[in-house]
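Read through the structure below, which is laid out as structure tokens, and then see the notes.
Numbers restart at 1 for each chain; the letters A, B, ... are given by sequence-line order, proteins then strands.
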Number of protein chains: 2
Amino acid sequence: MTPLTYLTDITSLLSLSMAKAQRPKASKKEFILQKAATMFREKGFSATSMRDLAEAVGIEAASLYNHIQSKSEMLQEIIFRMANNCNVQIENMENDDINSLKKIELLIRFHVQMMLSRFDDYYVMINEWIHLSEPYLTNFTTQRRVYVQKMENIINDGIRNKEMKPVMPYIAMLSILSSVRGLEFWHRSTKKISPTELEDNMVSFLINGLKK
Amino acid sequence: MTPLTYLTDITSLLSLSMAKAQRPKASKKEFILQKAATMFREKGFSATSMRDLAEAVGIEAASLYNHIQSKSEMLQEIIFRMANNCNVQIENMENDDINSLKKIELLIRFHVQMMLSRFDDYYVMINEWIHLSEPYLTNFTTQRRVYVQKMENIINDGIRNKEMKPVMPYIAMLSILSSVRGLEFWHRSTKKISPTELEDNMVSFLINGLKK
DNA sequence: CCTACCGATCGGTAGG
DNA sequence: CCTACCGATCGGTAGG
């Protein structure tokens with residue numbers, strides 16, 4: 001089984017071009033959301049104005065509202081789609097018959113791949129969730145709490161099965177997710193390291209901290 | 001030598017109470033900067049208004065300008081003070097006669113301690129630098145580039161001296177700094193783990209990825 | 001999808 | 001340190 005097995009359904013979630021062919025309206029909305037994600041990442045949600053966004057899209061600010069409901073709604077869509085991707089991934093994996101160390105490796109690979117291939121969306125989820133309004137804010141933080149708990153549970157299992165060193169699961173989980181987040185650095189850099197090299201080396205460094 | 005040796009000069013840089021006793025004006029400015037750092041962290045620089053800040057300080061918005069020049073200037077002061085702390089730390093250490101692995105351990109401890117004891121300032125430096133205006137923006141990113149290069153160099157030395165595994169220094173540096181950043185999680189949590197426990201376990205997890 | 005426009009709020013200043 | 005206020009810009013709406 002290759003590490004990519006778990007990622008097969010993600011391309012369908014990405015379905016930008018599909019949507020474009022099938023529903024022109026949805027496509028324009030997707031286009032707007034993509035530009036919004038890029039600007040939210042570059043300038044932050046609060047510092048991005050609807051007029052800036054409209055200019056990037058190529059229409060007047062007022063016209064945006066034919067496609068989206070509000071600035072907040074765009075943030076919600078960007079974040080909860082990405083959160084769903086993450087939830088689907090870990091739930092598919094949980095009941096799978098592979099050992100805990102391999103599960104963690106696959107999770108690291110999944111997150112690195114998300115961070116590299118869907119940089120804007122992933123970055124916005126991680127850095128701009130604070131600007132969600134209620135009840136979305138609580139919804140998100142709850143989902144995140146559940147997610148990281150699942151990850152800690154996998155590490156706990158690994159320690160009990162003697163597959164892993166007796167590290168503090170909380171610290172390992174935190175370091176893994178944070179290290180992936182740190183790849184924003186690489187994204188801003190001259191990219192002398194290839195995505196594959198990056199992924200493999202990150203896996204190897206982090207797994208070294210876990211493996212017996 | 002205890003890991004804290006390198007931190008002795010930091011308390012003098014923190015000198016909030018000293019300034020309070022000596023120069024009342026400077027003290028009020030410090031008070032404002034501290035409130036600003038907290039709000040910039042909680043809501044982001046752009047979403048923090050001078051009126052919000054004024055209310056937290058207990059004066060009218062216009063009165064803030066008797067103590068500070070502008071909203072931007074506050075961000076600059078918060079960020080460059082913290083950046084200076086980091087630079088002082090690594091420069092003091094560079095020419096020191098300890099091995100590379102110990103240097104990295106001390107750097108991890110330094111960053112964890114900064115993240116825990118000066119959460120607002122550290123967080124603002126890491127997350128809000130993007131809102132600096134030129135020439136401060138370039139100044140900051142340059143300082144950061146130099147800093148992480150120094151850290152990579154230490155890891156490179158460690159590998160050449162056979163103290164460390166042949167990891168990719170870039171990845172190790174990135175994971176270390178990102179893991180510390182991830183402690184914002186802990187800061188928002190119920191804090192069932194003590195700062196010391198946190199520091200020691202983070203050191204041990206990350207050093208495991210490096211140590212032969 | 002546009003023009004025209006709304007009330008609210010922004011960072012900051014004048015003058016005392 | 002305050003009152004009073006500035007021009008600019010914000011997210012969003014009406015109406016076509």
Side-chain angles (χ1 to χ4, degrees), chain A residues 19-20 23-79 124 128-137, chain B residues 19-20 23-79 124 128-137:
Chain A
K20 194 176 288 180
R23 297 176 299 166
K25 268 287 171 53
S27 161
K28 188 61 175 273
K29 181 170 180 179
E30 286 309 317
F31 183 71
I32 291 169
L33 285 177
Q34 180 207 313
K35 293 284 183 194
T38 304
M39 299 191 79
F40 290 169
R41 171 182 64 76
E42 287 174 346
K43 313 173 60 161
F45 175 75
S46 297
T48 300
S49 76
M50 296 303 275
R51 284 155 181 83
D52 289 340
L53 176 59
E55 200 188 336
V57 172
I59 55 178
E60 291 300 313
S63 304
L64 288 171
Y65 292 88
N66 288 305
H67 302 283
I68 53 108
Q69 306 269 10
S70 67
K71 192 184 175 188
S72 299
E73 187 220 33
M74 290 191 292
L75 184 67
Q76 290 152 23
E77 292 217 19
I78 292 165
I79 290 180
V124 168
E128 303 295 318
W129 62 267
I130 196 78
H131 298 107
L132 287 169
S133 50
E134 293 293 3
Y136 303 99
L137 182 60
Chain B
K20 197 177 286 181
R23 298 175 298 165
K25 268 286 173 53
S27 161
K28 188 60 176 274
K29 181 171 180 178
E30 286 308 316
F31 183 71
I32 291 170
L33 285 178
Q34 181 207 311
K35 292 283 184 197
T38 304
M39 300 191 79
F40 290 168
R41 171 181 65 76
E42 287 173 347
K43 312 173 60 162
F45 176 75
S46 297
T48 300
S49 76
M50 295 303 274
R51 283 156 182 84
D52 289 339
L53 175 58
E55 200 188 337
V57 171
I59 56 179
E60 291 299 314
S63 305
L64 287 172
Y65 292 88
N66 289 306
H67 302 284
I68 53 109
Q69 305 270 9
S70 66
K71 193 183 175 188
S72 299
E73 188 221 31
M74 289 192 292
L75 184 67
Q76 290 152 23
E77 292 218 19
I78 292 166
I79 289 180
V124 168
E128 302 296 317
W129 61 269
I130 195 78
H131 297 107
L132 288 169
S133 50
E134 294 291 4
Y136 303 99
L137 182 60

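When heavy atoms are screened at a 4.0 angstrom cut-off, B:T48 is found touching the sugar-phosphate backbone but no base atom. Heavy atoms of B:S46 sit nowhere under 4.0 angstrom from any nucleic acid atom.
Straight-line distance from the CG atom of B:D52 to the C1' atom of C:dC10: 11 Å, rounded to whole Å. Rounding to whole angstrom units, CG of residue B:L75 and C1' of C:dG11 are separated by 15 Å. Nucleotide C:dG15 holds its P atom 20 Å from the CD atom of B:E60, rounded to whole Å. For the pair A:M74 CE and D:dG11 P, the interatomic distance rounds to 9 Å; values are reported in whole Å. Distance, B:N66 CG to C:dA14 C1': 12 Å, rounded to whole Å.
The phosphate of D:dT9 has neither OP1 nor OP2 within less than 4.0 Å of any side-chain N or O from A:S49. Phosphate contact (OP1/OP2 of D:dC1, side-chain N/O of B:K28, threshold under 4.0 Å): present.
For A:Y65, the listed nucleotide lying nearest its side chain is D:dG11; candidates were D:dC1, D:dG11, C:dG11. The listed nucleotides are D:dG11, D:dA4, C:dC1; the one nearest the side chain of B:A62 is D:dA4. Picking from C:dG11, D:dC1, D:dG12 the nucleotide with the shortest atom distance to the side chain of B:I59 gives D:dC1. Among D:dG12, C:dA4, C:dG12, the nucleotide with an atom closest to any side-chain atom of B:M50 is C:dG12.
Just one of B:E128, B:K35, B:E42, B:M39 meets the side chain to side chain contact (heavy atoms under 4.5 Å, CB included) condition when paired with B:T48; it is B:M39.
Pair assignment for D:dC6 gives C:dG11, based on Watson-Crick or G-U wobble hydrogen-bonding distances that are each under 3.5 Å.
To the nearest 0.5 Å, atom CG of residue A:L132 and atom CG of residue A:L75 are 4.5 Å apart. We find the CD1-OG1 distance between A:I78 and A:T38 to be 8.5 Å, quoted to the nearest 0.5 Å.
Counting all heavy atoms, side chain and backbone alike, B:M50 lies closest to B:L64 at O-CD1, 3.4 Å.
Counting only distance, with no hydrogens or angles, the side chain of A:K71 and the backbone of A:F45 share a donor-acceptor pair below 3.5 Å.
Map A:A61 and A:R51 each onto its nearest nucleotide of DNA chain C; the residue landing nearer the 5' end is A:A61.
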